[in-house]
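If you're wondering where the values come from, they're calculated on a predicted model, not measured in any experiment. Chain identifiers are assigned alphabetically (A, B, ...) following the order of the sequence lines, protein sequences preceding nucleic acid strands; residue numbering begins at 1 within each chain.
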Amino acid sequence: DVKVTQSSRYLVKRTGEKVFLECVQDMDHENMFWYRQDPGLGLRLIYFSYDVKMKEKGDIPEGYSVSREKKERFSLILESASTNQTSMYLCASRGNTGELFFGEGSRLTVL
Amino acid sequence: GEDVEQSLFLSVREGDSSVINCTYTDSSSTYLYWYKQEPGAGLQLLTYIFSNMDMKQDQRLTVLLNKKDKHLSLRIADTQTGDSAIYFCAEGSNYGGATNKLIFGTGTLLAVQP
């Protein structure tokens, strides 16, 4: 079975802090994604990566950056966290028939 | 742009069938997916259907696709309390081999009453 692991399930940070969310997949998938999920807004794509060191902006990239130094690992970075970035963050990797496999999510609260 | 719409809430009694509906706008959709999300967890892929199919059945789950009307449904037979969750419809396309970005609906909360 595909395994997508997100490093932190719950984080509490202060405004202005730098936040790293890490995601690892074990299926040698090329494509990886970061979404945020908010009530009433569904899933919104932040960034995705289709290869090592390659990245593309999704629908809401502002305030975020990403890093893909190794194929299995895709990190989401909040350079200076703000309260409007309080959300559930979901990492996913893409299988051969286009389906996404998701991690368990990281719930971030910014105070 | 592409859009996927779902109703927000569905309530059924245990043992009844549930039907969750979804409409999408992208006529070039190649794959359509159903995901389930339990409280506090990530999304779990339930099933998917290729756009050249009308129906797919997998145990208690039946997916129906009306490509003309761009309408997708998920039927859960003999609904159980463990089926209570948010269900997301998603559509995806391949554009000349470029990365497939799934477009998700806002999710339907299924509440199963004992």
Open item on the list: If you count heavy-atom pairs within less than 4.5 Å of chain A, which of B/Tyr35, B/Tyr48, B/Phe88 leads?
Closed with: B/Tyr35
Verify the cluster assignment for [X] and [Y]: are they in a single hydrophobic cluster under the rule of side-chain heavy atoms below 4.5 Å apart?
{"X": "B/Leu32", "Y": "B/Leu64", "value": "no"}
{"X": "A/Val4", "Y": "A/Tyr47", "value": "no"}
{"X": "B/Ile103", "Y": "B/Ile86", "value": "yes"}
{"X": "A/Trp34", "Y": "A/Phe101", "value": "no"}
{"X": "A/Val24", "Y": "A/Ile46", "value": "no"}

To the nearest 0.5 angstrom, please state how far the [atom1] atom of [X] sits from the [atom2] atom of [Y].
{"X": "B/Thr106", "Y": "A/Arg44", "atom1": "OG1", "atom2": "CZ", "value": "12.5 Å"}
{"X": "A/Tyr35", "Y": "B/Phe104", "atom1": "OH", "atom2": "CZ", "value": "4.5 Å"}
{"X": "A/Leu45", "Y": "B/Leu102", "atom1": "CG", "atom2": "CG", "value": "9.5 Å"}

TODO: Mark yes or no for whether B/Tyr33, through its side chain, and A/Leu100, through its backbone, hold a donor-acceptor pair below 3.5 Å.
DONE: no
TODO: Below 4.5 Å from any heavy atom of chain A, which atoms of B/Leu45 appear? Answer side chain, backbone, both or neither.
DONE: side chain
TODO: Counting only heavy atoms closer than 4.5 Å, note whether B/Gln37 contacts chain A via side chain, backbone, both or neither.
DONE: side chain
Open item on the list: Taking 4.5 Å as the heavy-atom cut-off, does anything in residues 51-61 of chain B contact chain A, and if so which residues?
Closed with: none
Open item on the list: Quick check on A/Glu56 against chain B: is it the side chain, the backbone, both or neither that has a heavy atom closer than 4.5 Å?
Closed with: neither
Open item on the list: Applying a heavy-atom distance below 4.5 Å, give me the residues of residues 62-91 of chain A that approach chain B, sorted by number.
Closed with: A/Met88, A/Leu90
